[in-house]
Structures are given as structure tokens and as C-alpha cells.
Chemist: 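Okay, here's the structure, questions in a sec.
Bear in mind the structure is a predicted one, so any value in this text is a computation, not a measurement.
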Amino acid sequence: MLDIKHVTKVFFPGTVNEKVALQDINLHINEGDVVCVIGSNGSGKSTLFNMIAGTFPVTAGTITLDGKDITKAPEYKRAFEIGRIFQDPTKGTSANMSIQDNMALSLRKGMRGLKYSLNQEKKNFFRQILEPVGLQDRLEDNVGLLSGGQRQALTLIMACMSHPKLLLLDEHTAALDPANARIVMELTEKYIAQEKFTAMMITHNMQFAIEFGNRLIMMDEGKIILEASGDEKRNLTVPDLIARFREIRNKDFADDEGLLTEGN
Amino acid sequence: MIEGIFVEGLIFSVMALGILISYRILDIADLTCDGSVATGAAVAAICITNGWSIPAAMVLAFIAGVLCGLCTAAIHNHLHIPGLLAGILTMTMLYSVNLRILGNKANVPLVRVDTMYDFFHQIFAFMPQAFASLAGTLLMVLVVKVIFDLFFRCDMGVAIGALGGNEQVVISLGMNVSTLKYIGLGLSNGLIALSGAMLAQYQGFADANLGQGMVVQGLAAIMLGEFLFRSNRISLITLRVILGSIIYKGLMFLGRRYGYLVGITPNDFKLLTGLLVIISLIIASTRTKMAEDKARKEAVARVMEDKKNA
């Protein structure tokens, strides 16, 4: 499915601010895999997502999706097959447009023609899929009027409507309050189970990372330092992870402990 | 007299609709307008004085405007220059281009040739000429409005609307942002040039200096319209722009007519228009702030209420 080979990213090369964000990353993801990505701040998780999605070009290495080399493809072209949800709920929807306009746009990918955007059939369909998040009667409201949780739920629904081959979830519940985070997370699980999406999810919650999905990778200083899948992953515990981290990196975890929560 | 204000306002509203695309929908402060409105006027005037049919002249003026917008979009997209600077560059270059189009003359009169308005006077022969001009202009503006509304309700139009609100969304939907900016700025300046073509025919000449300060005037009209009513429906937003344009021209008329009583001359209009925009911005931001204050107070009251009940 997704093949990341020898991907390296250096920011500001040749300047005093030169920073190696990713160091020779190799990762293969199979169809249907649900991968949790953990690691402290600055470990390269988001940079890895940015490389996959094409926000910034890689410095070296190749990225292949479904047998197609996408290393040099611009972000908007990769978006045909990759759905991405950001931590910031305002990034996934257009605030000055109604919910129905936002949804009508996300029905498919690619350049748009002059077809009339909305019809009754589409509106009914939108109402139906918005029902679980209680937005079914607000189709004509501007998205700017929604709460962060509602906006993120809408973003998720919109991302899933176009059936992406790969779903990238970049701490998509981190900016929400616990109640809304749970609602969005439940919705995420439901969609992933229902549509059998291949997904990668960055999270700071180690307990959750152990429970969710079939694979787990831990990153630090631009490298993947730990990979677990299947039974091995299910049998992990949070203290295990912390111990493994200490063992591998041979450094005190205390600095990073605050950044990784053990669950709630 | 009063019909004149409406005709001017309606012609002006076509330009304001163009500015609506760049300024409100795409969220790009595009100053190309000051140049492209004169381009439209110049192209139409030269076509008509050279014996072209009026519809052909208007279409060519629109296309010339689209090219101006594409030029700004190209500078903005490929050189990664902010929209504001890209627009200023095009506008400045257009001043020379417009003089070239006008045959190196500062203005070209449209006398002893048939214009759009002579045509309106013929088909609406049963009414006085001033009303015939108004009826014809109204008809044209309505056609432009309906096409505009339909476009911004189709998939491509909605996508351009999304771009102004949030570029990332458009990228995520697999669309090339550059292409959408080309289309948006092209249409915007096409309408602006069309408005210039109508204006040249109405006032009877095309002038290389026609465009000076037009962006600010257009913004004033858009903002005046926004005080009338709130809506997120495109048909009402465009209606608001048209009404705002007429109100703006009405205010300018009052300034010309009665301004001398308080010592205002037409020389002061640019200053007054700028002040009008500033005042509109202040009112709009005060409104937002007041709404936020109110919401905050209500939230605090709710929290206190909950605490008391607990």
C-alpha cells in the first residue's frame, strides 16, 4: 500500500538553523493497517505526515502509494488518495460557507466543473450522515458557527465521504475538550471499522495507542525507534513502552513524560 | 436626474461584483481593477469607433479584462508574490497598455457612433431616453447577476468560495489552488472591464485615467451594501452589492449637488470615499466586538448561574 523508503528531511539545509527532522525512515504499510504513531514533540511525527501528504518535499528518499511513485507529486494531487485531518479544527472546513456547501464539495476530488452543486437528493444524504453528530438540521448554517468538536466531526465525515485510500489523522482530537474528543474518536473508530480504511494516527495518548489499531510505531529524533504489531502490540502496557523507550534511547524519559499521557 | 444615479449605480455595480470576487470571495486585495476598468473602456471605445458591433466590442472588453486578471494571477501564483503587489504591478503596467490601446491618446470620445445606449433608446423607444437607458442597463445587470449567482452555486464556484475561506480545504479536495485563482481573478477583472466598457458608452468617452481610485469606491459600495442585511446566500450577497453601488452613487450625487453648502467639491470625493470605507470598517469591527462582549457576558452569567444551582 504505502511504501516509505529511505526518507530524509532536512529543514533549512546549509544554514545555522539546519535541522534533521527525519533520518532515513523506512516504513511499509499494508492495506487495512491502522497505525498509531507516538513520540514526544519534535520527534518527527508531523513531519512524516507532511512528507506523506506532500505539504513539503522530501530531501531524499521515495514514497510510493499503491505502486505509484508520489514522491514528487504536489499536495493537491496526492489528496485524491490521501485524506488528512489536522489538529486545528478550522483547517478542514471553510468557515464562511454553509455546511451543505462544504459537504457538496467533498463528495469527490479534483477540479470542478459547472454542474449545479446541490440538489434535494444530496441534501437528504447529508442529513442522514450528519444525524449521528446532531447537525442534520443545520445544513444551511455557516461552518464558522459550529464548535471545534462539531467542526472536527464534520471534517472527519467530509474526509471519509470521498473514500481515501489512506487516512492521516494528525492528533485530530487533541484540540478538543474530553467530551468532544470522545465523540470524534468514536466516530473515527466507526468509520475505520465500517469502511476498512487504511489509516495512520498520531496520538499523545499511549494507552489509546496500544488499544487502537493493529500497529504501533514510536518515533524519536527523526527515527522510528519501536515498531509493534498484532499480539505483540496488544500485550504492551504503558510502563512497557516507557521502559522500552528508556532502553532504546538510553536517556531519561522524564523530560518527555509530560508530553505523552498515559491515558485517562 | 434620478435615473442617471441609478444607471451610474448599476454600471458601477458590475465592477463592484468583480471586486466582490477578489476581495470578499477569494480574499485577495486585487488592485488590478484600477487598470482593468480603463482597459475595458478603452477596448470597447476603440472597437466601437472602428465600426465593430456593440456586442462584439463588449465581449472583447470582457476578454481583455480576463487577460488582465490572468496576468495578476500569474505573477501571484508563479512568483509567489502577494496578491496586493501582483495587482499593483499589473495596474501600473496597464496604464501604459491602456494608452497604447487608445492610440497614445489620453481619451477617445464616442461621438457620432452608435453605442449600447443608442441601441437601448431604439428598443425602448416608447419611453423617455433616460428611462430607456435605465431599463437597458438594469436588464444587463440582471443578466450579469443571474449568471454570477448560478456560477457561484455550481461546483467550481463553490470551490472558489472555499478557497477564500481556507486554502487547505481546497488542496485537500484535490484541486489546484493556482488554477482556481486564475479563474477567480480572470472572472473578477472580466466583470470590471465589462463595467468599464458600459461606463465609456454611457459617458460618451474612454479615458486612460478612468480607473483611478475605483477599487476603493467598489469597496465602499460593497461595505455600504453589507449594512443593509446579513446573508450567506450568494443571490442576496450580489443583490446587496448592487444596492450598495446605487446607494454609493446616490451619496456622491448628494455630495455634488449639495456639497457646496458645506464647502465640499468633487475634488474631495476620493478623500470622502476613503473615509467612508474606514468608517464602514470601524462600524463592522465594533459590531463584532460588541457581539463578542455580549456572548462573553452571557457565558459568565451562565457559569455563575450554574455555580449557584450546584
Side-chain angles (χ1 to χ4, degrees), chain A residues 50 53-55 73-86 88-119 122 139-145 151 154-156 158-159 161-162 164 167-168 170, chain B residues 20-21 23-28 77-78 80 146-184 186-187 222 226 230-237 240 284 288 291-292 295 299 303:
Chain A
N50 283 336
T55 316
E75 188 177 8
Y76 77 90
K77 276 195 183 145
R78 297 193 206 185
F80 278 77
E81 271 135 26
I82 300 175
R84 187 174 187 191
I85 303 179
F86 297 90
D88 180 357
T90 63
K91 272 195 176 173
T93 44
S94 194
N96 57 359
M97 292 193 335
S98 62
I99 295 181
Q100 55 187 10
D101 281 345
N102 267 284
M103 294 183 80
L105 271 182
S106 56
L107 279 174
R108 58 184 196 85
K109 303 268 189 179
M111 207 44 183
R112 303 307 144 102
L114 297 175
K115 249 180 37 206
Y116 206 65
S117 206
L118 280 166
N119 57 34
K122 281 186 194 168
L139 281 184
E140 288 181 12
D141 281 354
N142 268 13
V143 167
L145 298 170
R151 260 183 103 159
L154 180 63
T155 309
L156 180 69
M158 281 165 52
M161 267 190 332
S162 59
L167 197 57
L168 298 177
D170 192 346
Chain B
L20 181 79
I21 300 181
Y23 185 74
R24 278 281 186 251
I25 298 180
L26 280 174
D27 199 17
I28 294 173
N77 282 335
H78 300 296
H80 304 287
V146 168
I147 295 173
F148 190 106
D149 292 349
L150 287 175
F151 178 75
F152 280 97
R153 289 179 71 175
C154 80
D155 285 335
M156 188 193 279
V158 173
I160 290 174
L163 175 64
N166 191 341
E167 211 166 294
Q168 184 63 46
V169 171
V170 175
I171 297 172
S172 300
L173 293 172
M175 280 176 277
N176 190 342
V177 170
S178 299
T179 312
L180 286 179
K181 282 183 178 164
Y182 273 118
I183 296 169
L187 286 177
I222 291 173
E226 281 169 0
R230 274 159 204 257
S231 177
N232 64 350
R233 294 176 74 103
I234 192 71
S235 54
L236 293 177
I237 292 173
R240 205 161 69 173
T288 323
E292 279 168 3
V303 171

Chemist: Just so I know, are the side chains of Q168(B) and D88(A) near enough to count as touching, which here means a heavy-atom distance under 4.5 Å?
Modeler: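 Not in contact.
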Chemist: Identify the two heavy atoms, one from A79(A) and one from G174(B), that lie closest to each other, and give their separation to 0.1 Å.
Modeler: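 Where A79(A) meets G174(B) most closely, the heavy atoms are CB-N, 3.8 Å.
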Chemist: Only one of L105(A), N102(A), L107(A) clears side chain to side chain contact (heavy atoms under 4.5 Å, CB included) with L173(B); which?
Modeler: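 For L173(B), the side chain to side chain contact (heavy atoms under 4.5 Å, CB included) test succeeds with only one of L105(A), N102(A), L107(A), which is L105(A).
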Chemist: Return the option, out of I171(B), L180(B), T179(B), V170(B), with the maximum number of heavy-atom pairs under 4.5 Å with chain A.
Modeler: I171(B)
Chemist: Could you go through the side chain to side chain contact (heavy atoms under 4.5 Å, CB included) check for M111(A) and I183(B) one step at a time?
Modeler: CA-CA 12 Å; M111(A) 207 44 183; I183(B) 296 169; 4.0 Å; yes
Chemist: With chain B, which of A53(A), G92(A), G54(A) has the greatest number of heavy-atom pairs at distances under 4.5 Å?
Modeler: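 Of the options given, most contacts go to G92(A).
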Chemist: Would you say E140(A) and R233(B) make side-chain contact, with heavy atoms under 4.5 Å?
Modeler: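 Heavy-atom side-chain distance check passes, below 4.5 Å.
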Chemist: Any idea which of K115(A), E81(A), R78(A) has the most non-hydrogen atom pairs under 4.5 angstrom with chain B?
Modeler: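 Highest number of heavy-atom pairs under 4.5 Å: K115(A).
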Chemist: Checking K77(A) against chain B: side chain, backbone, both or neither under 4.5 Å from a heavy atom?
Modeler: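 Neither part; nothing is under 4.5 Å.
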Chemist: Do side-chain atoms of K109(A) reach the backbone of S172(B) as a donor and acceptor pair under 3.5 angstrom?
Modeler: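 The answer is yes, because a donor-acceptor pair under 3.5 Å joins these two groups.
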Chemist: Is T90(A) in contact with chain B via its backbone, its side chain, both, or neither, using a 4.5 Å heavy-atom distance?
Modeler: backbone
Chemist: What pair of heavy atoms forms the shortest contact from Y76(A) to M175(B), and how long is it?
Modeler: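 Taking every non-hydrogen atom into account, CB-O, 3.2 Å.
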Chemist: If you compare all heavy atoms of G165(B) against all heavy atoms of S94(A), which two are closest, and at what distance to 0.1 Å?
Modeler: CA-OG, 3.6 Å
Chemist: Taking the side chain from N166(B) and the backbone from T93(A), do they hold a donor-acceptor pair closer than 3.5 Å?
Modeler: yes
